[in-house]
Amino acid sequence: MISANNVSLRFGKKALFEDVNITFTPGNCYGLIGANGAGKSTFLKILSGKLETTSGDITMDPGERLSVLEQDHFKYDDFNVIDTVIMGNKRLYEIMKEKDEIYAKEDFTEEDGVRASELEAEFAELDGWNAESDASTLLNGLGVDTEYHYSLMGTLEDNIKVKVLLAQALFGNPDNLLLDEPTNHLDLDAIEWLENFLIDFENTVIVVSHDRYFLNKVCTHIADLDYGKIQIYTGNYDFWYESSQLILRQKKEANKKKEEQIKELKEFISKFAANASKSKQATSRKKALEKIELEEIKPSSRKYPYIDFRPNREIGNEVLTVKNISKTVDGVKLLDNVSFTVGREDKIAFVGPNTNATTMLFKILAGEEEPDEGEYKWGVTTSQGYFPKDNTKEFDNDLIIVDWLTQFSEVKDATYVRGFLGRMLFAGDDGIKKVKVLSGGEKVRCLLSKMQIMGSNCLILDEPTNHLDMESITSLNNALIKFPGVVLFACQDHQFVQTTANRIIELTATGFIDKQTTYDEYLASDELARKRMIMNMDQSED
């Protein structure tokens, strides 16, 4: 159990939290939600002790262990993967290192023997003999192959590192588990494994995530952070949304009735105040009027951008043909003889554990890379808008936002361009910010502004929900659902994929699987299970 007691945090005159009192109890998973900038990650840092409060304190039950998902991907570069995972239980790792140092001594003394005996007892109590196998089990579950288990962290790609750091946080059955965006950069299989792990986890979990499907699957409660206060709702994300909307409607309806009552009372008082026979009734109504209090209804701090992709021209029947495309990078074959044809109503989700393969395919279709073999052809009526996973090049310049966006607009009028920025929550002086200093979320909103102003009828989006808050993800999701053109996209947000895609293509190590279906139906298909089993057998034989 972990509690915040009268916690406040102020930066100068600005209060981020004010007198927060909340207790997180064992057996529950709390989804901490709130608008960007509300302080979700900051609150986790306060709970973990990494950030001091202005007032109030954080308490845990005596003897409990707290585990936190590490955000610094370079912190353990000099350690091997297994040791990095075991470091999740700091005390156990300290014992292992001290034991090794004692047993490595050439002049082993009686005192060393006594100390080694004490360490061995504590080591056994912490289940140290199973530490390596437990660490391996976590890694395998998250999709980190055994070949990497004794590699140095510094040699790993970032998508593998994040899985190792997640395994570290989960290691050793912590009493309190804090996870800040644990599904970022995870493939869909790893996310599903994590969902099942957290559902079965018996201790306290507090998780920040923008993945609505994930929150619905794992959360027993929602902790809603708004205006420096945290309110707990029992149930998952969808239940929170319905409950909060219901409460808001009830308050508005109650106020409406009170306002009607106030109007009637005022009219009576005004009409009969000077009437001697009605004066007592008027006085009585004055007292009743004074007792009526309207419910205070604060507007939420959440802001939803307005996203609307409107193609400049209608798309024809010939959209895109891909024939036998193959691509090898640094000796690794990412694409192997990939062929498909895109129809004018297709919204295709590209899925699979190797996100690098999808990124490479999108780069090829956007004209940024050339295939080693094969070819592709866009139809003459098509125009493409591309959202890259890595947007570094887009913003490596000294332009301000308005000038940057104007490059992509046929209409060069500043007011016209600012209209698109305003839709994406860039207001006032935001337009004169330099693009190179924007945050990750701001850069994503800029790219979405660019795609809207270009008016393309074929959209290619590689992980567009990264860095977006829940409100922006919801707006983008809804915009793509109603978009009348073609969408090719990759996304780790299950609900986003399920509600947007009408076709699934999974790129595999030996080719691809292509089905006209929803994502949930695809995952449930027996054919997919059989093909995966065959692929796993082939890979194990290799």
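These values consider heavy atoms only, across backbone and side chains, with no hydrogens, waters or symmetry-generated copies. Sequential numbering from 1 along the given sequence is applied to the chain's residues. If you're wondering where the values come from, they're calculated on a predicted model, not measured in any experiment.
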Quiz question: by atom type and distance under 3.5 Å, do the side chains of [X] and [Y] form a donor-acceptor pair?
X	Y	answer
S475	N478	no
N80	H149	no
T518	E521	yes
D308	Y306	yes
S326	N337	no
Y93	E98	no
S209	D211	no
T183	E181	no
Y213	E195	no

Taking all atoms of both residues into account, what is the closest heavy-atom pair of [X] and [Y], and its distance?
X	Y	result
Q495	N477	O-OD1, 4.2 Å
A167	L138	O-CD1, 3.6 Å
H494	D520	NE2-OD1, 2.6 Å
P182	L194	CB-CD2, 3.9 Å
L179	L166	CD2-CD1, 4.1 Å
L225	A38	CD2-O, 3.6 Å

Test item: [X] side-chain N/O and [Y] main-chain N/O as donor-acceptor pair under 3.5 Å:
X	Y	value
E506	I513	no
S472	L468	no
Y522	K515	no
N130	S133	no
T341	T321	no
K163	L142	yes
T358	A490	no
T155	L152	yes
K347	V486	no
N312	M454	yes

Requested in this report: Mind checking side chain to side chain donor-acceptor pair (under 3.5 Å) for N176 and listing every partner two or more places apart, or none if nothing turns up?
Outcome: E64
Report task. Go through the steps to decide whether L156 and V164 satisfy the test side chain to side chain contact (heavy atoms under 4.5 Å, CB included), and finish with yes or no. Result -> CA-CA 10 Å; L156 303 181; V164 177; 4.2 Å; yes
pair [X]-[Y]: side-chain heavy atoms closer than 4.5 Å:
X	Y	value
N173	F201	yes
N457	E314	no
M424	Q452	yes
I315	C458	yes
T42	L51	yes
F489	I348	no
N236	I222	no
L507	I505	yes

Report task. For the pair V68 and L44, evaluate side chain to side chain contact (heavy atoms under 4.5 Å, CB included) and give the outcome as yes or no after the intermediate values. Result -> CA-CA 9 Å; V68 181; L44 288 190; over 6 Å; no
Report task. Decide ring pair (Phe, Tyr, Trp, His ring centres under 6.0 Å) for F340 and F350; before the verdict, give the C-alpha distance in whole Å, the side-chain angles of both, and the deciding distance to 0.1 Å. Result -> CA-CA 12 Å; F340 57 89; F350 288 78; 5.8 Å; yes
Geometric class of the [Y]/[X] ring pair [parallel <30°, tilted 30-60°, perpendicular >60°]:
X	Y	answer
F24	Y30	perpendicular
F123	W129	perpendicular
W240	Y237	tilted

Under 4.0 Å between a Lys/Arg side-chain N and an Asp/Glu carboxylate O for [X] and [Y]?
X	Y	result
K433	E442	yes
K377	E318	no
E94	K97	no
E394	K450	yes
R503	D514	yes
D175	R65	no
K75	E70	yes

**Report entry** Derivation of the side-chain hydrogen bond (donor to acceptor under 3.5 Å, both in side chains) call for T359 and N356
**Finding:** CA-CA 5 Å; T359 294; N356 291 333; 5.4 Å; no
Query raised in the report: Yes or no on side chain to side chain contact (heavy atoms under 4.5 Å, CB included) for F362 and K389, after CA distance, side-chain angles and deciding distance?
Result: CA-CA 10 Å; F362 286 175; K389 181 188 291 187; over 6 Å; no
Count the heavy atoms belonging to other residues, nucleotides or ligands that lie under 6.0 Å from [atom1] of [X], then report whether that count exceeds 12.
X	atom1	answer
K327	NZ	yes
K333	NZ	yes
K45	NZ	no

Query raised in the report: Under the 6.0 Å and 45° cation-pi test, does K436 pair with F395?
Result: no
Query - Where at least one partner belongs to residues 145-161, residue pairs that pass salt bridge (charged side-chain N to carboxylate O under 4.0 Å, His left out), sequence neighbours excluded - result: D77-K161
Query raised in the report: Per the side chain to side chain contact (heavy atoms under 4.5 Å, CB included) rule, which among L170, L66, T204 passes with L177?
Result: L170
**Report entry** Chi angles and distances behind the side chain to side chain contact (heavy atoms under 4.5 Å, CB included) call for I460, L365
**Finding:** CA-CA 9 Å; I460 306 171; L365 297 180; 4.2 Å; yes
